[in-house]
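The structure under discussion appears below in the form of structure tokens.
Nothing fancy with the numbering, it's 1 onward along the sequence.
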Amino acid sequence: MRYAFPLSCNTVTLSLLFSLAIFAQPKIIFDTDFGGDADDLGALAMLNHFHQKKEAELLAVMCWSTEKHTISAIDAVNTFYGHPNILLGLREAEPYEAQWNYNKILVDSLPYDAYPSTVPEATELYRKILSEQEDKSITLVTVGPLMNIKRLLESKPDTYSKRSGKALVLAKIKEIVIMGGQFPKGERKEWNFDGGMLGVTQNVLAALQEIPVTYLGYEVGEDLKTGEVFNTLPKDAPLYLGFYHFSKYAPWTKDQFQGKIHNNSTFDQTAVLYAVRDGVGDYWSQSEPGICIPDPEGRNSWQPSPTAKHSYLILQKPIAEMEILLEQLMLGDF
């Protein structure tokens with residue numbers, strides 16, 4: 001790409017304009033099922049570090065989970081990293097409590113001031129933010145089931161915008177990064193494409209054919225094992241608190257627990273890394289264009305199509321190197 005600048009620009013101005021053109025921060029909305037798998041916590045830590053270091057602007061965190069402590073836990077993490085004012089939205093559904101989730105240990109250990117009753121419903125906040133942003137300026141990163149996205153797409157004109165939800169998405173979102181599914185073929189149920197919500201993924205993906213979508217499938221993060229390094233952190237650090245609780249109590253990890261944090265697959269962090277740094281040709285390669293075809297229960301297949309705007313990523317960087325990189329990014333060591 002070439003950049004044309006007025007001849008009157010001095011060297012400093014030219015340098016600044018070039019830097020802004022090349023290194024513009026992606027504006028990110030993060031949609032998460034925070035509190036279950038620790039990868040959501042790791043991804044949120046990464047986003048806070050990217051936000052702090054001006055590599056990205058975290059506009060909001062939208063929460064799919066309605067576990068009673070989730071919103072407060074997300075706020076506690078953001079507050080710990082110095083960003084207490086990041087906007088939060090919550091899916092409207094019946095609250096519940098899950099003792100094995102790491103949310104409660106975070107709210108019992110860290111300061112926060114957000115509660116489910118004090119934050120807007122996710123669809124409303126989506127519409128407000130999208131209406132205020134420039135066209136094609138937002139990267140939406142989803143790392144949980146897609147009900148918030150379904151409700152946004154189906155939303156009606158309101159005080160924020162005369163556009164429908166789908167029209168807002170098409171106008172304002174530059175790219176959607178989805179951690180979910182398995183590629184090129186998912187023969188088992190994958191949580192983010194299932195979520196106990198029959199047909200939601202089918203509905204959402206069918207509505208997104210006109211917008212660029214990049215998938216980070218289950219297979220990308222499954223063999224990337226991170227977490228043990230957090231055993232050296234202070235005991236009040238969110239990454240220590242959350243990963244320790246997850247290692248000890250999560251139903252699918254507790255049998256491995258031996259008194260300290262153990263490594264776990266690293267799914268959601270890959271989506272954040274791509275959304276902020278891209279990395280195609282370095283961290284991963286990109287598939288041919290195509291269409292992800294989900295079934296109602298969380299399985300999927302891939303149909304190549306040269307005119308499609310969707311693709312999936314294939315891990316290219318050696319696993320050991322990628323694990324080190326992701327741990328550095330979660331720790332803010334960059």
Side-chain angles (χ1 to χ4, degrees), residues 16 19-32 34-35 38-63 70-89 102-103 105-107 109-114 119 125 129 132-134 137-143 174-175 177 179 216 224 226-227 229-243 261 266-279 282-283 322-334:
L16 176 60
S19 296
L20 289 173
I22 298 298
F23 300 111
Q25 298 177 50
K27 294 184 175 183
I28 290 177
I29 299 176
F30 182 56
D31 200 301
T32 172
F34 192 91
D39 60 339
D40 296 82
L41 172 58
L44 184 60
M46 284 175 62
L47 282 167
N48 271 276
H49 293 307
F50 282 134
H51 185 81
Q52 179 67 33
K53 296 172 186 288
K54 309 299 184 185
E55 277 200 53
E57 182 180 358
L58 180 56
L59 296 178
V61 179
M62 305 295 187
C63 187
T70 308
I71 280 292
S72 298
I74 293 171
D75 186 54
V77 173
N78 292 342
T79 299
F80 178 89
Y81 289 115
H83 308 124
N85 297 320
I86 289 174
L87 298 174
L88 307 178
Y102 52 82
N103 293 323
I105 190 66
L106 292 174
V107 301
S109 307
L110 301 169
Y112 62 92
D113 63 6
V119 302
L125 184 57
I129 293 173
E132 295 170 346
Q133 297 298 316
E134 295 179 0
S137 65
I138 293 177
T139 301
L140 171 57
V141 182
T142 73
V143 297
K174 177 175 65 175
E175 182 178 15
V177 182
M179 191 277 119
L216 278 297
L224 297 172
T226 61
V229 68
F230 303 147
N231 284 300
T232 63
L233 291 175
K235 300 301 186 285
D236 63 348
L239 289 173
Y240 179 85
L241 290 165
F243 274 77
I261 297 169
T266 310
F267 301 109
D268 297 351
Q269 298 94 323
T270 64
V272 169
L273 176 57
Y274 169 75
V276 176
R277 291 189 174 177
D278 187 289
D282 182 8
Y283 309 141
M322 195 69 163
E323 290 169 342
I324 292 171
L325 171 64
L326 289 166
E327 288 181 333
Q328 290 174 332
L329 295 173
M330 286 186 277
L331 290 166
D333 185 17
F334 62 97

Quick one: does [X]'s side chain have a donor or acceptor within less than 3.5 Å of a partner on [Y]'s backbone?
X: Thr266; Y: Leu224; value: yes
X: Lys53; Y: Phe334; value: yes
X: Ser72; Y: Ala114; value: yes

Distance from [X] atom [atom1] to [Y] atom [atom2], nearest 0.5 Å?
X: Asp268; Y: Asp39; atom1: CG; atom2: CG; answer: 3.5 Å
X: Glu57; Y: Ile138; atom1: CD; atom2: CD1; answer: 9.5 Å
X: Leu216; Y: Phe267; atom1: CG; atom2: CZ; answer: 11.5 Å
X: Leu329; Y: Arg277; atom1: CG; atom2: CZ; answer: 5.0 Å
X: Thr70; Y: Asp40; atom1: OG1; atom2: CG; answer: 10.0 Å
X: Tyr240; Y: Ile261; atom1: OH; atom2: CD1; answer: 6.0 Å

What residues, two or more places apart in sequence or in another chain, satisfy side chain to side chain donor-acceptor pair (under 3.5 Å) together with [X]?
X: Thr142; value: none
X: Glu175; value: Thr214, Tyr274
X: Asp75; value: none
X: Gln328; value: none

**Prompt:** Between Leu233 and Phe243, does a side-chain contact (heavy atoms from CB on, under 4.5 Å) hold up when you go through it step by step?
**Reply:** CA-CA 11 Å; Leu233 291 175; Phe243 274 77; over 6 Å; no
Heavy-atom pair of closest approach, residues [X] and [Y]:
X: Val143; Y: Ala271; answer: CG1-CB, 4.2 Å
X: Leu58; Y: His51; answer: N-ND1, 2.9 Å
X: Gly35; Y: Asn103; answer: CA-OD1, 3.3 Å
X: Gly89; Y: Ile71; answer: O-CD1, 3.9 Å

**Request:** Carefully, step by step, assess Phe30 and Val272 under the rule side-chain contact (heavy atoms from CB on, under 4.5 Å).
**Result:** CA-CA 9 Å; Phe30 182 56; Val272 169; 4.1 Å; yes
Contacts table for residues 41-49: side-chain donor-acceptor under 3.5 angstrom, sequence neighbours left out:
unit_1, atom_1, unit_2, atom_2, d
Asn48, OD1, His83, ND1, 2.8
Asn48, ND2, Leu44, O, 3.0
Asn48, ND2, Asn78, OD1, 2.9
His49, NE2, Met330, O, 3.0
His49, NE2, Gly332, N, 3.3

**Partners meeting salt bridge (Lys or Arg N to Asp or Glu O under 4.0 Å) with Asp282 (sequence neighbours left out)** = Lys317
**Prompt:** Leu325 versus Tyr283: any side-chain heavy-atom pair under 4.5 Å?
**Reply:** yes
**Message:** I'd like to know whether Phe34 forms a side-chain contact (heavy atoms from CB on, under 4.5 Å) with Leu106, so could you lay out the CA-CA distance, the side-chain angles of the two residues, the decisive distance to 0.1 Å, and finally the verdict.
**Reply:** CA-CA 12 Å; Phe34 192 91; Leu106 292 174; 4.0 Å; yes
**Prompt:** Hey, are Asp236 and Ser109 close enough side-chain-wise for a donor-acceptor pair under 3.5 Å?
**Reply:**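 No, Asp236 and Ser109 have no side-chain donor paired with an acceptor closer than 3.5 Å.
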**Request:** Could you please spell out the steps behind the side-chain contact (heavy atoms from CB on, under 4.5 Å) verdict for Met62 and Ile129?
**Result:** CA-CA 12 Å; Met62 305 295 187; Ile129 293 173; 4.2 Å; yes
**Prompt:** Among Thr79, Val61, Val77, which residue meets the side-chain contact (heavy atoms from CB on, under 4.5 Å) test with Ile86?
**Reply:**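 Per the side-chain contact (heavy atoms from CB on, under 4.5 Å) rule, the option paired with Ile86 is Val61, out of Thr79, Val61, Val77.
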